[in-house]
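Following: one structure in structure tokens, then a few remarks.
What you see below is based on every heavy atom in this structure, not just the backbone, and it leaves out hydrogens, waters and symmetry mates. Reminder, nothing fancy here: chain letters follow the sequence lines and each chain counts from 1.
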Protein chains: 2
Amino acid sequence: MVSTFAPQAAGDLNFLKKLNRSSILGTVRRYPGATRADIAAHTQLTKATVGGVVQALLERGWLREGELQPRGGGRPGRALYLDDAHHVLLGADIGVRGLRVVACTLGGEVLLQRYVTEAPTTPEETATRLAEMLRVLRDDPVIVDRHCLGLGVTVPGPVAPEQPILRLAPNLGWIDVAFLEVLRPHLPDLDGAWLLDNEANAAAFGEFYFHDGIPPESIVYISAGSGIGSGLVTGDNYPLVPRGIQGLVGEIGHTIVQPGGLYCHCGNRGCAETLVSGWAIRAALGIADTEDLEAAIAARGDDPDVNAVLRRAGEALGTLMLNLHHTLNPAMLVLGGSLMHLGERLIAPALAYFEAHQNDLLRGTQRVPVKVIHDSTFTAARGAAAQVMAKAALEA
Amino acid sequence: MVSTFAPQAAGDLNFLKKLNRSSILGTVRRYPGATRADIAAHTQLTKATVGGVVQALLERGWLREGELQPRGGGRPGRALYLDDAHHVLLGADIGVRGLRVVACTLGGEVLLQRYVTEAPTTPEETATRLAEMLRVLRDDPVIVDRHCLGLGVTVPGPVAPEQPILRLAPNLGWIDVAFLEVLRPHLPDLDGAWLLDNEANAAAFGEFYFHDGIPPESIVYISAGSGIGSGLVTGDNYPLVPRGIQGLVGEIGHTIVQPGGLYCHCGNRGCAETLVSGWAIRAALGIADTEDLEAAIAARGDDPDVNAVLRRAGEALGTLMLNLHHTLNPAMLVLGGSLMHLGERLIAPALAYFEAHQNDLLRGTQRVPVKVIHDSTFTAARGAAAQVMAKAALEA
DNA sequence: ATGCTTTAGTTAATAGATTTAACTAAGTGG
DNA sequence: CCACTTAGTTAAATCTATTAACTAAAGCAT
């Protein structure tokens with residue numbers, strides 16, 4: 001489960017400095033308006049150390065000073081915030097049914113976004129198209145003068161844990177694509193970190209990293225779209241994204257929840273993806289791949305068949321949530337993906353099932369909160385941008 | 001997913017020193033016979049740093065020097081090994097059907113072991129019994145002169161991630177037991193680290209930490225006994241044991257693999273534990289709780305009913321293995337627990353199912369190796385000892 | 001208004017860890 | 001016997017964080 005941001009095994013003084021700088025930056029990210037004194041208390045570093053590092057981060061445009069924070073009967077501290085004016089993070093999402101790009105501030109605010117609803121064909125053509133979109137973004141007056149910290153790209157399939165290679169995207173027909181290498185010639189001037197990750201991993205990372213308020217201890221993001229997958233993020237200052245030995249962590253679409261059930265395209269039977277996924281719902285309702293799923297379902301109105309299919313899919317989603325709860329046990333579950341557009345007929349049964357059963361094992365303990373992102377169009381792209389920032393923060 | 005050995009967020013020079021010391025120790029553990037030069041190459045530390053730290057570890061009895069390692073055309077290096085002579089690690093396992101204790105060397109060699117087959121009653125009585133067994137061990141001439149680094153205790157249920165509290169052990173009837181606090185008065189003189197963990201977590205840790213040769217990148221240990229659970233370990237020098245927000249990571253016994261299936265004691269239906277676990281097999285074959293499961297099944301010989309039940313349990317185990325593969329994606333799976341005593345009628349179908357399907361998703365990539373521990377009586381206790389060592393290594 | 005107290009933040013000296021560079025040690029091979 | 005290679009040690013240098021003393025800036029009591 002090596003992570004992109006795994007802590008090193010051993011280190012020198014420079015490593016220690018990076019660690020502390022990243023820790024201080026992470027504290028401000030999670031506690032906007034924190035003062036130097038707050039940071040020192042939180043990180044266990046001394047005021048002197050914090051003061052010096054903060055000074056350097058102010059000069060480099062990573063932090064900015066804000067108003068005075070009154071303290072009870074003492075000198076007020078100076079509030080610190082992430083500097084939203086000098087840097088920009090780029091994120092791109094290659095989805096089965098479209099391409100999305102975003103430009104973000106260090107605080108996760110989306111400055112610019114673009115979306116085209118064309119299905120990707122070959123990696124080369126996709127790279128051409130994506131590069132166009134990114135160039136338009138890069139040249140936009142809103143961000144043209146900012147320093148770009150890098151680009152994160154997400155893909156709908158598992159990525160090898162050690163190298164940025166998409167292993168398999170069944171819904172794109174791509175196998176073993178080193179997409180960053182395909183894209184790089186199209187954007188020779190785009191410097192900074194270049195990252196490639198699975199779409200659900202990136203989305204999970206973004207929800208965690210740019211969480212409003214103090215982030216939960218760990219998050220699992222469930223991405224229900226054409227297929228279904230999930231991403232896990234955990235850690236304090238250094239969010240970890242476990243990928244597993246083959247990048248298959250969170251490939252819940254192919255966990256078996258109905259032995260002897262329907263055949264899945266993976267060759268197995270009873271995979272979760274045969275119950276809750278875009279193509280499973282299309283198959284069950286006879287909706288062609290060319291049609292827009294949301295529109296087709298809306299057109300059928302209050303059809304009992306539709307209701308039954310959505311309810312069963314929702315219950316399967318609830319089962320998956322419960323299984324994730326008992327396997328990864330995250331502090332928060334986030335539901336996203338295009339299937340969320342299908343609304344309460346799918347979402348309500350999922351939540352109801354999970355709510356009813358999550359505490360069967362440990363009675364009386366805290367409930368695991370579930371957040372539903374009804375429109376997650378740019379969630380993965382923004383998450384990819386978050387990963388760029390986390391990477392760059394270590395080098396700041 | 002905070003781990004017992006989670007890297008700190010920020011640190012001072014002392015933290016850096018501990019990190020590097022632990023890294024050097026970890027290198028020798030994984031590469032017995034490594035020279036100072038090997039360690040320097042592997043950790044990226046300089047020869048000077050390695051030399052100094054090794055000197056300190058030699059003096060404190062953590063390392064010992066061995067023979068000269070010939071190098072091609074240069075001065076031979078001095079082989080280094082974990083010092084097996086000066087320290088001892090204690091591990092204890094509270095199982096549903098017995099108590100086990102072990103004493104280990106730093107290299108994981110079991111010096112002493114004891115086993116009683118009495119079911120634990122109350123925490124207090126269990127502590128009394130366990131303390132007796134540990135005192136006998138501690139007074140044994142083989143280890144009486146060694147410095148004890150601490151004691152690890154395992155329990156058959158989830159442990160809270162931040163505090164050493166057993167949340168729930170359904171098969172013992174224990175709820176929210178701070179067992180170390182119960183045990184401590186019985187062993188006031190036993191100093192060093194005191195740790196409490198879930199039995200599967202500890203077993204996974206031990207299989208990883210004391211692995212012969214270079215350990216895999218991550219391990220999932222599946223413990224199939226009265227119930228069924230699993231533990232995950234990952235990391236290089238600092239093995240991480242993700243526990244989750246409630247300590248439920250790896251609670252695969254309550255993942256649902258058969259919606260609408262049999263009722264589980266947790267209140268839900270179709271849990272894995274209703275298919276593959278000691279009590280599920282007993283229920284299916286009408287074997288009383290007082291009988292020994294292995295003996296009862298052996299007594300029935302080649303009974304078709306028995307064969308069918310074991311085969312179905314094995315297939316459910318294979319399903320669980322596949323689901324873990326697609327959720328945690330470890331580099332290695334280890335099967336253990338008392339159910340392994342039931343033999344090939346159970347194990348073969350599990351392995352066959354997993355082998356047949358593990359690569360459906362990523363064709364042509366490496367297979368995930370599976371190791372079966374046919375007698376895992378002391379595996380968890382030894383793993384608890386391993387955790388003691390990992391903890392102590394940071395303070396060495 | 002003044003002074004006391006409290007908290008925030010900076011500065012210079014100190015301590016401590018790793019690195020650098022030069023060295024010694026101990027082999028092989030021509 | 002000498003050149004070469006690799007292992008390991010040593011002392012000086014470098015760099016980081018801490019310590020301790022300081023300044024800064026607020027509230028509050030007198």
Side-chain angles (χ1 to χ4, degrees), chain A residues 8-25 27-28 31 33-59 63-81 237 394 396, chain B residues 8-25 27-28 31 33-59 63-81 394-396:
Chain A
Q8 280 181 233
D12 56 9
L13 292 172
N14 185 41
F15 165 71
L16 187 62
K17 179 125 198 179
K18 282 160 73 167
L19 201 73
N20 288 343
R21 183 171 47 211
S22 177
S23 182
I24 287 168
L25 216 37
T27 303
V28 176
Y31 302 91
T35 65
R36 291 166 178 77
D38 293 334
I39 297 171
H42 190 264
T43 59
Q44 306 269 53
L45 297 168
T46 61
K47 288 190 297 176
T49 304
V50 172
V53 173
V54 165
Q55 190 54 41
L57 290 170
L58 287 169
E59 286 163 11
L63 294 180
R64 67 175 174 83
E65 288 187 320
E67 75 288 357
L68 287 174
Q69 300 276 40
R71 288 298 193 272
R75 170 177 168 178
R78 182 63 69 176
L80 295 166
Y81 298 92
N237 283 291
L394 279 174
Chain B
Q8 280 182 230
D12 55 10
L13 292 172
N14 185 41
F15 166 71
L16 187 62
K17 178 127 199 179
K18 281 160 73 167
L19 201 73
N20 288 344
R21 183 171 47 211
S22 177
S23 181
I24 287 168
L25 216 38
T27 303
V28 177
Y31 302 92
T35 65
R36 289 166 178 77
D38 293 334
I39 297 171
H42 190 265
T43 58
Q44 308 269 50
L45 296 169
T46 61
K47 289 190 298 176
T49 305
V50 173
V53 173
V54 165
Q55 190 53 41
L57 289 171
L58 287 169
E59 286 163 11
L63 294 179
R64 66 174 175 83
E65 288 189 318
E67 74 290 358
L68 287 173
Q69 299 274 39
R71 287 299 193 271
R75 169 178 168 179
R78 183 62 69 176
L80 295 166
Y81 298 93
L394 280 174
E395 308 299 331

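- Put simply, the side chain of A/R75 and the base of D/dA25 share no donor and acceptor less than 3.5 Å apart.
- In this structure, A/G73 and A/E65 both approach DNA chain C, and ranking their closest nucleotides by distance from the 5' end singles out A/G73.
- The CG atom of A/L16 sits 12 Å away from the C1' atom of C/dG16 (whole-angstrom rounding).
- Residues B/N20 and B/T43 fail the side-chain proximity criterion, which asks for heavy atoms closer than 4.5 Å.
- Atom CG of B/L80 and atom P of D/dA7 are 13 Å apart (whole Å).
- If you find the closest nucleotide of DNA chain C to A/G74 and to A/L13, the one lying nearer the 5' end belongs to A/G74.
- Nearest nucleotide to the side chain of A/A37, out of D/dT9, D/dA17, C/dG9: C/dG9.
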Distance-only criterion, 3.5 Å: show the donor-acceptor pairs between side-chain atoms of residues 45-53 of chain A and protein atoms not counting sequence neighbours.
residue, atom, partner, partner atom, Å
A/T46, OG1, A/T49, N, 3.3
A/T46, OG1, A/T49, OG1, 3.0

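- Among the nucleotides D/dA7, D/dT16, D/dT10, the one closest to any side-chain atom of B/A48 is D/dT10.
- Regarding contacts with the backbone of D/dT18, a side-chain N or O of A/T49 is found under 4.0 angstrom from either OP1 or OP2.
- Judged by closest nucleotide on DNA chain D, B/T35 is the one of A/P76 and B/T35 placed further toward the 5' end.
- Between C/dG9, D/dA7, C/dT10, one nucleotide has an atom nearer to the side chain of B/K47 than all others, and that is D/dA7.
- One finds no side-chain N or O of B/N14 lying less than 4.0 angstrom from the OP1 or OP2 phosphate oxygen of C/dG16.
- Distances were taken from every side-chain heavy atom of B/L68 (C-beta onward) to each of C/dG27, D/dA7, C/dG9; the shortest belongs to C/dG27.
- B/L68 has its side chain within reach of B/R78: a pair of non-hydrogen atoms, C-beta onward, lies under 4.5 Å apart.
- Atom CZ of B/R71 is separated from atom C1' of D/dC4 by 17 Å (rounded to the nearest Å).
- Closest to the B/R36 side chain, of the nucleotides D/dT18, C/dT20, D/dT9, is D/dT9.
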